[in-house]
Each structure stands twice: as C-alpha cells, then as structure tokens.
Number of protein chains: 2
Amino acid sequence: MTTDRPTLHFVLLALLTLRAQSGFDLSRTFTEVASHYWSARHSQIYPALARLEADGLVEHRREPSERGPERKVFSLTSGGRDALLGWAAEPADEAPLRDEQTVKALCYGLLPTEVALSQLREVRERHARRLEEYSTLEGQIASASSAAPPLPDPARLGILLTLRRGITFESGYVEWCDAATELLTTSDVAASRPRKATPGA
Amino acid sequence: MTTDRPTLHFVLLALLTLRAQSGFDLSRTFTEVASHYWSARHSQIYPALARLEADGLVEHRREPSERGPERKVFSLTSGGRDALLGWAAEPADEAPLRDEQTVKALCYGLLPTEVALSQLREVRERHARRLEEYSTLEGQIASASSAAPPLPDPARLGILLTLRRGITFESGYVEWCDAATELLTTSDVAASRPRKATPGA
DNA sequence: GGCTACATGTAACTAGTTACATGATTCC
DNA sequence: GGAATCATGTAACTAGTTACATGTAGCC
C-alpha cells in the first residue's frame, strides 16, 4: 500500500499519535508547538483529515464542545499507525530550503551599514526569544511528568527531540546574527560600503 | 511603486547583483551555490525573468553560446536595483518552516531504536558533508581574491554571509543528530521502547 | 444585541514541481 | 547517427495561502 501521499498527511498522523485531536486542535497544535518544524492552516487540514478517513488511516468520534459546536475528534487507526511508521522509517528526502532573510543578507554589501545592522538586531531578538521558549519547554518536559496527563514515553521522547531541534536551529541563527554583526562592524571587507553621511568614503 | 511581487523575483534580482546571468545560469546558481537558502527550477525562472523585464527591473542582451543556442543574459536596471534594495532593507516576514526529518524524529519513540539510530547516522553524514563544503568555500572567499574575476567587495561580503549562514545551519543540524543519538542510546526515556527481537514488552 | 472564542467547511488564488516540447553544438 | 550538454520555453498538476461562508455558545 505505497499510495503516494502528501507529506502533510503523515504530519497529521504523527501529531495524532500524541493525542486524539480535532481539526481545530491540530490547527492550534501547528501554531503553538509544531511551528518550528511544520505548519498548516485549517483550510488545508480539514480536507486532509477527510481524505485520511476515506482511506481508513484515521477515524473520528463526535464530541460535544465546552463552548461552541460539536467537535470531530480524530484518532489513528491501526492502518494509519502502520502507514505512519512505514513512512517514518525511511530517511527524509531533501526538501528545498527557502530563507528570505539569508537572501537579504546577500544584499548587505549594497545597503547602508546601519540598515543591515539594525535588521540583524531585530532578527537576532526574534530568534533569541524563540530559543528561550524552546529551552523553557525542554526543561519542563525533561524533568519528569510535569504535564497534567503525563505523556507516554514515546510521545515524550518525540517531543523532546523536536524541541531540541528547535533549540539547535535557533541557537545557530542567533550565532549567525552575531557573526554577521561582527563582520559588518569590524571587518575590512565592509570598509568600502555605502554609509549614510559619508558620500566620499 | 510597491507592486506586490513574489519573493522569487527579489531572489533573482539579488543573484543578478553578483553577475549578469541567463536563466540557465541562474538555474545552476540555485543548485550549486544558493541551495541552502533558496531554490527554483527553470520552469519558474524563465517566466519570472520575462515578468521582471516587462516591469523594467531587468534587461537582457543576446549572446552567442560556446556550445548550444543563443543565450539571453540578464542584468539589473537601475529600477531593479532600487526595488531590490527597498525590499532588502525591510526585515523578512516570518515564513513557515517545514522539516520532514523533524516530523520523523517525533515518531522515533514508536520505531525500533536501530531504525532511528541508522536514520540519524545517514542524516548526520549528509549535513556534515555540506558543512565541510561550505567551510571550504568560506575559506576560499575569505582569503583574498581567489576567484578568477575577483569579486567586488559588496558581492564578496554577501556571499560570505550566506556561506556563514549555511555553516551555522549545518553545524546545528549535526549537533542535533549527535544529541538525538545520545538520547536514544543512553537515556532511560528510551528504555521502554520497541526493539527488534522483543515481541512482548 | 454585539463581541469573542469555538468549530467546520469551501472557493479562489499563488507558488512551486513534474512533465512535455524544441532545438543547437560537440564529442564519439 | 546517437548521446551529452547547453539553452529556452509551456502545460498540467500539487501544495499552500487568503478569503469566503456558516453556525454555536458564553459573556457583557
């Protein structure tokens, strides 16, 4: 059964291993705890769940909401679990990276130094903030069972690994911002570049 | 003139600041030296160049090829340069990250340990290899003018910054692979997980 | 009644990939 | 003649975003 399936489907299956969730829950999961490795809007999630259900990989039960209309809470079927594990066991094929910020950095030699430096400050702060968030979360997960319903061990391990990935990513970004700032501040390579109030150089 | 433009357009303008290039050249540039921060196929590049030219941001001259049909070599117009610098001066808005490998890691608690470990070995090697490539290139660029036509200083600074970004990214990934390997190998969190020859547990 | 949050969906569009199509030049 | 590389384009499709649409329940 190697039906060709978009990656998003497997991402949804993976998130459903953590707990049964509705489309609405999954949408929040993406923005709240998975944004550093995947994201999707509800307009993409609902049709994907429908298709996964049609293919027998997930099933749902209806549940009243605390506040709002009835929820459709999805969980993995055993077929869904098999499909997920089959996918997860294969190494990921290389997906293209796209980082707008790095493209902007490619232009720093053509921008006034102060503009580049202030942009780097802003970017650094953004990533430093996330780094802190992930570190805090990691501490909470790593120290035994702080979650109200303590996570089962496989989920705990998985979440810990994704948090650590977030941490290495963000700390790498912060490191780069610092190195770039230093290069722009001190290096001779930056000497002959446009500056605000120095028409001559 | 704040026409809304896809990011790819600005990426192409940025690459054209390095040197005048044909669509074919740009296509190779993406796979050879820009793949760690952007990529695009020729089927996307040619229409984008046509639109940039129609909008007056680039222009081309026809040039005979060494081997093959006539080339259309594009370069920035002054309007294109202005548009690029205006874009580059604004901090990048946050684009969603998508890393399939991290999603797989989320499932490691459900996979046999050896499968996860061997996957991590493969991934680590991939990133370590790239890290080495970027480091080598950085050394060549950083040590003065090794390029046949020595790069103008702004281009040299820009390229150096993108290489450094590649280096911090890849070394962060390698670091994560090592930490994940250790976690799977030694931690008690991994103790109660499926193993090849233990059907019970 | 009006506002906010919960909840599920569809439609229209944009960005990006894969596949198709064509043709020049060089090397074997 | 055939294969490989250079070179430019279009068509069809997939993935993802933005906008539209609808309705519930609770609070003020």
Side-chain angles (χ1 to χ4, degrees), chain A residues 3-12 20-32 34-35 37-54 58-74 92-100 103, chain B residues 3-12 20-32 34-35 37-54 58-74 92-100 103:
Chain A
T3 322
D4 198 21
R5 220 169 254 293
T7 305
L8 171 64
H9 285 200
F10 295 106
V11 180
L12 294 174
Q21 296 183 71
S22 67
F24 193 83
D25 294 334
L26 285 162
S27 184
R28 272 189 312 197
T29 297
F30 278 123
T31 58
E32 285 170 11
S35 61
Y37 58 93
W38 206 271
S39 72
R41 306 299 177 92
H42 74 272
S43 60
Q44 210 183 355
I45 295 169
Y46 289 117
L49 286 171
R51 166 112 179 263
L52 285 167
E53 183 156 55
V58 302
E59 60 192 2
H60 80 272
R61 56 175 200 279
R62 300 194 154 269
E63 219 177 60
S65 163
E66 296 286 289
R67 174 187 166 173
E70 205 177 31
R71 296 156 45 80
K72 289 168 71 172
V73 178
F74 288 86
D93 37 299
E94 321 203 29
L97 295 170
R98 289 192 174 90
D99 181 354
E100 209 176 302
V103 182
Chain B
T3 322
D4 198 22
R5 217 169 257 294
T7 305
L8 172 64
H9 285 200
F10 295 106
V11 180
L12 293 173
Q21 296 183 71
S22 68
F24 192 84
D25 294 334
L26 286 161
S27 183
R28 273 190 310 197
T29 297
F30 278 123
T31 58
E32 285 170 12
S35 61
Y37 58 94
W38 207 271
S39 70
R41 306 299 176 94
H42 75 273
S43 59
Q44 211 182 356
I45 295 168
Y46 289 116
L49 287 170
R51 165 112 180 263
L52 285 167
E53 183 155 56
V58 302
E59 58 191 4
H60 79 272
R61 59 173 198 280
R62 300 195 155 267
E63 221 177 58
S65 162
E66 297 285 289
R67 176 184 164 175
E70 205 178 30
R71 295 155 46 79
K72 289 168 72 173
V73 179
F74 289 85
D93 37 299
E94 322 203 29
L97 294 170
R98 289 192 174 91
D99 181 355
E100 208 176 304
V103 181

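First the proteins, then the strands, lettered A, B, ... as listed; each starts at 1. Side chains included, hydrogens not; waters and symmetry mates left out as well; all remaining heavy atoms used.
Contact annotation: B:R67 does not reach the phosphate of C:dA24 (side-chain N/O to OP1 or OP2, under 4.0 Å).
Protein atom CG of B:D4 is 11 Å distant from nucleotide atom P of D:dT18, rounded to whole Å. Straight-line distance from the CD atom of A:E94 to the C1' atom of C:dT17: 16 Å, rounded to whole Å. In this structure, B:R51 places its CZ atom 15 Å from P of D:dT10, rounding to the nearest Å. In this structure, B:E66 atom CD and C:dT26 atom P are separated by 9 Å, rounded to whole Å.
With the nearest nucleotide of DNA chain D identified for both B:K72 and B:P96, B:K72 has the one nearer the 5' end. Residue whose closest nucleotide on DNA chain C sits further toward the 5' end, between A:S65 and B:H42: A:S65. Mapping B:P6 and A:V73 onto DNA chain C by nearest heavy atom places A:V73 at the nucleotide closer to the 5' end.
When distances run from any side-chain atom of A:P69 to the nucleotides C:dA7, C:dG16, D:dT10, the shortest one goes to C:dA7.
A:R71 comes within 4.0 angstrom of the backbone, heavy atoms only, and of no base. Within the nucleic acid shown, B:R62 has no heavy atom closer than 4.0 Å to any nucleic acid atom.
Side-chain atoms of A:S43 and base atoms of D:dT18 include a donor and an acceptor less than 3.5 Å apart.
Across residues 21-31 of chain A, not one residue has a non-hydrogen atom less than 4.0 Å from an atom of DNA chain D.
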